[in-house]
Number of protein chains: 2
Amino acid sequence: MARAKTAKPYHHGELREALAVAGRRLMEEKGLRGFTLRECARRAGVSHAAPAHHFASIDDLLAEIAVRGYHELAAAMTAEARRSGDDPARRLVGQGVGYMAFAAANPVLFQLMFSREANRFEAETLAQAAKSAYLLQREAVEALIPRASGEVKERMADFAWASVHGFITLVLEGQLGERDSPWALKARGLAALSAMVETVVLAGNR
Amino acid sequence: MARAKTAKPYHHGELREALAVAGRRLMEEKGLRGFTLRECARRAGVSHAAPAHHFASIDDLLAEIAVRGYHELAAAMTAEARRSGDDPARRLVGQGVGYMAFAAANPVLFQLMFSREANRFEAETLAQAAKSAYLLQREAVEALIPRASGEVKERMADFAWASVHGFITLVLEGQLGERDSPWALKARGLAALSAMVETVVLAGNR
DNA sequence: TGCAAATCTTGTCATCGGCAAGTTGTCGCT
DNA sequence: AGCGACAACTTGCCGATGACAAGATTTGCA
């Protein structure tokens, strides 16, 4: 049947994609608690039951959005590390900056990604996506302390990630420097990053 | 009217308290997303509309539970620090251990406390309760590096808190050492703590 | 070409949070 | 003591939600 170009086709065509995009926007607008499957459907221009054909449940949609978030996070980390030149210490700091910048730009998504809510890594793809961010951090640490033992490298990768993650998490929750100006917060973040690098180097040269 | 001792009185008497306790248990059982005002009411043995007389909304109840959580967290930190003797370094490590132990014992509550969901510090009491945990960490750091400048102390307090918070958060989310035994995780946590202390001391003596 | 499967729709159900109105118990005031 | 206002709790209702069922439409493959 011929129909006008502006008419909505019965089949959306890319509903899965559209739902993920709409869901991400909705999430940042209304928060995790205001996230609604039906509202996602409305924004995608389909009926409330349509998403069921692409996501088994609302948790499935959240998991998909989280996976995409991990990929973006990894991209932001590598991009910022690349901009930081060849010095391993600078690269590690840069990666941390990329991490924090992504979290600050997508606070609700970031919260979802690191929330055990609807996110219990049942999906193998989610665990894999999360692991890639860890591996990036691990590689950067290994480049910084190449002569350290495997165990020290691992411990310091943990530590490096924990420092960065903890700092930006606390900032996003308003627990650190609530009333500080953005650039003051950035300075504090950089201070935390260099303290972290110092710790890694110290442990790596022992 | 005389009634048997076992009969339920029309007035509960301590509903506010009972709701907070029931809510906390429910939260740990069903997760933040499974938390329901009506289920809290059921567990407290009252009708679904009774909580409204004690909490303006579900977010109010969550905020109350979070405040209690902060008080418990601070108590756990001071208790563990006290057990660690007089050495400032040991006390700082101990406080971190108390922090992590509380988080591990109450993962969902911990997530709520550090979640911007329903937790936007509108309530002054909540902000105050949260601040007390930060001040504890700050005092422990200041005791460790008494001769450092105020700014260094502040930055190192940030760093110390971020390290501890980030580490336990990642562990609880299963991002760090998912398959490790509990004691192996504890060892990794202690390693992170001592690395953190070392850096604080170093920065404080510079 | 024709038919099965995929996609999307409308309709329904139990449950949720919040509000309204009525019931029961408590407590202060005279 | 008694009574009247108020606090605590109840039932009942509303719109919205997630999930499910059954029907309509489109696609694609045999």
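In this text the structure is predicted, and so the values were computed from the model without any measurement. Just so we're on the same page: letters track the sequence lines, and every chain starts at 1.
In terms of heavy atoms, B:A89 sits closest to B:V197 at CB-CG1, 4.0 Å. Listed here is the closest heavy atom pair of A:T199 and A:M156: O-SD, 4.1 Å. Closest approach of A:Q95 to A:A81, counting heavy atoms only: NE2-CB, 4.0 Å. The minimum heavy-atom distance linking A:L26 with A:C40 is given by the pair CD2-SG, 3.8 Å.
With D:dT17, C:dG17, C:dG11 as the choices, the nucleotide that has an atom nearest any side-chain atom of A:A49 turns out to be C:dG11. Distances from the side chain of B:R42 to the nucleotides C:dT7, C:dC16, D:dC9 place C:dC16 closest. Checked against D:dT10, D:dT17, C:dT7, the side chain of A:H53 finds its nearest nucleotide in C:dT7. The side chain of A:S47 sits closest to C:dT9 out of C:dT9, D:dT10, D:dC9. The side chain of B:H54 lies closest to D:dC9, out of D:dC9, D:dG18, C:dC8. The listed nucleotides are D:dT17, D:dG12, D:dA8; the one nearest the side chain of B:H48 is D:dG12.
To the nearest 0.5 Å, atom CD of residue A:E17 and atom CG of residue A:L19 are 10.0 Å apart.
For the pair A:R33 CZ and D:dG18 P, the interatomic distance rounds to 13 Å; values are reported in whole Å. Atom CD in A:E14 sits roughly 16 Å away from atom C1' in D:dT27 (whole-Å rounding). In this structure, A:F55 places its CZ atom 15 Å from C1' of C:dC8, rounding to the nearest Å. Separating the CG atom of A:L62 from the P atom of D:dA19 is a distance of 10 Å, rounded to the nearest angstrom. Per the geometry, CD1 belonging to B:I58 stands 17 Å off P belonging to C:dT15, to the nearest Å. Rounding to whole angstrom units, CZ of residue B:R38 and C1' of D:dC9 are separated by 15 Å.
Between A:E39 and A:A52, it is A:E39 whose nearest contact on DNA chain D lies nearer the 5' terminus. Remark on DNA chain C: of its neighbouring residues B:L37 and A:L15, the 5'-side contact belongs to A:L15, judged by nearest-heavy-atom nucleotide.
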